[in-house]
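A short worksheet on the structure shown next.
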Amino acid sequence: MKKAIITGVTGQDGAYLAELLLDKGYTVYGAFRRTASVNFWRIEELGIDQHPNLHLVEYDLTDLSSSIRLLQQTEAMEVYNLAAQSFVGVSFDQPITTGDITGLGPVNLLEAIRIVNPKIRFYQASTSEMFGKVQAIPQKEDTPFYPRSPYGVAKLYAHWMTINYRESYDIFGTSGILFNHESPLRGQEFVTRKITNSIARIKLGKQDVLELGNMDAKRDWGFAKDYVDGMWRMLQADEPDTYVLATNRTETVRDFVTLACKAADIRIEWQGEGEAEKAIDTSTGKTIVAVNPRFYRPAEVELLIGDPSKAREKLGWEPKTTLEELCQMMVEADLRRNKIGFSF
Ligand code: NDP
Ligand code: GDR
């Protein structure tokens, strides 16, 4: 029976990847960080928390000895490193913590692999944030990087270290440059889930206004469940490599709000520009979406759109879910949760 380690199993992708690998018959070691109140709501929502082949193990990515023990005790031959301080906004306020976890953290795992068993296959969760300031459209594996946040810079370091361990020590280190991927399990600090949860609450009369930052930012949004399948395919390939996963469609934050309102059956009209921009509910005349500059970032990534051709050709990977389907799924989940008072 195949064994795999997933770091960051309490996160969005960790939960979906655990579900996928369990379905494929793997024994999964879900590595989670010890905190005062660990929260397993995502794997509970997927109904896999009691699965006999899922073993939850305490682990911290910033600790080399913890990484060595994890590999020795589990004897897993596939490691999916999804753990990170992954919120771009927070990385501006906590650049050093972000560097420690998101940048240096993966090197602990790479070193542990080098020490324990260099044949272990390693997946690094790299990101389109490494492209940052637009250098080319669409972005693909050979597009020059220009990160625009401490998070993007930290991820770029880990990306190059994965390649360096591949070239220096012949370690199967693969880097997946994934564009934004969302789901009903997305954390509420990220813009799509913030929007779908707020629109659901507005629909149910539990919230008046949704405040957002930069509405013009454009993102290539896919469905997380499609993307974890791509991660698995990358570690089944003959050789380690670097792959972009994306949908090749880009929309603004404003467009996503419009889609979410449509999914909740709220008719809106956009008015004003810049900080005065707002969306009015046409049936009540009330402002339900407004700009709050508090959510602006010191440096912004204006436009992301990825070209996943290499993953399609070499891995047979394709995104299956449209943005409309994704948004509908998220709004429906948030309507359902808010009706019963669920708030994660
Ligand atoms: P989440 O923020 O939902 O999950 C991050 C996970 O990392 C959480 O389980 C968190 O645990 C864990 N973690 C944080 N610090 C540590 C630590 N020191 N030791 C162990 N675990 C830790 O992220 P996603 O699931 O959305 O993303 C997964 C990975 O993919 C991340 O690395 C992210 O940067 C990257 N990525 C994500 C994209 C996306 O659009 N979702 C796109 C491209 C890359 P805890 O619950 O304790 O906080
Ligand atoms: P991102 O995702 O920074 O792309 O990183 P996020 O959803 O946080 O922001 C997307 C865009 O929306 C704009 N925005 C807002 N963002 C948030 N969070 N809150 C707001 O109120 C708001 N208003 C406008 C942002 O400025 C930005 O342009 C995500 C994370 O999952 C990373 O870990 C991952 O690597 C990248 O996606 C790919």
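Counting convention: from 1, in listed order, for ligands and their atoms alike. Scope of the values below: all heavy atoms of this structure, side chains included, with no hydrogens, waters or symmetry mates.
For the pair Tyr151 and ligand 1, the shortest N or O to N or O distance falls below 3.5 Å. In terms of N/O distances under 3.5 Å, ligand 1 is approached by Lys155. Between Glu300 and ligand 2, a contact under 3.5 Å exists for at least one N or O pair. Between Ala217 and ligand 2, not a single N/O pair is under 3.5 Å apart. Between Asp13 and ligand 1, a contact under 3.5 Å exists for at least one N or O pair. Distances between N or O atoms of Asn81 and those of ligand 1 include no value under 3.5 Å.
Residue Val134 belongs to a hydrophobic cluster whose other members are Ile137, Leu303, Ile305, with links defined by side-chain heavy atoms closer than 4.5 Å.
Only the side chain of Arg186 comes within 4.0 Å of ligand 1, judged by heavy-atom distances. Using a 4.0 Å cut-off between heavy atoms, Ser126 contacts ligand 1 through its backbone alone, with no side-chain atom that close. Contacts between Ile101 and ligand 1 below 4.0 angstrom, taking non-hydrogen atoms only, involve the side chain exclusively. If you look at Arg186 next to ligand 2, the close heavy atoms, those under 4.0 Å, all belong to the side chain. The proximity of Val253 to ligand 2, defined as any non-hydrogen pair under 4.0 Å, is limited to the side chain.
Cation-pi geometry between Lys24 and Trp232 is satisfied (NZ or CZ under 6.0 Å from the ring centre, within 45° of the ring normal). Cation-pi check for Arg193 over Phe190 is not met; the charged atom does not lie both under 6.0 angstrom from the ring centroid and within 45 degrees of its normal.
With hydrogens and angles disregarded, no donor-acceptor distance shorter than 3.5 Å links the side chain of Lys3 to the backbone of Tyr29.
Looking at Thr97, Asp220, Thr10, it is Thr10 that brings a heavy atom closest to atom 9 (O) of ligand 1. Proximity annotation for atom 10 (C) of ligand 2: of Thr252, Val90, Val191, Leu178, Val191 comes nearest, heavy atoms only.
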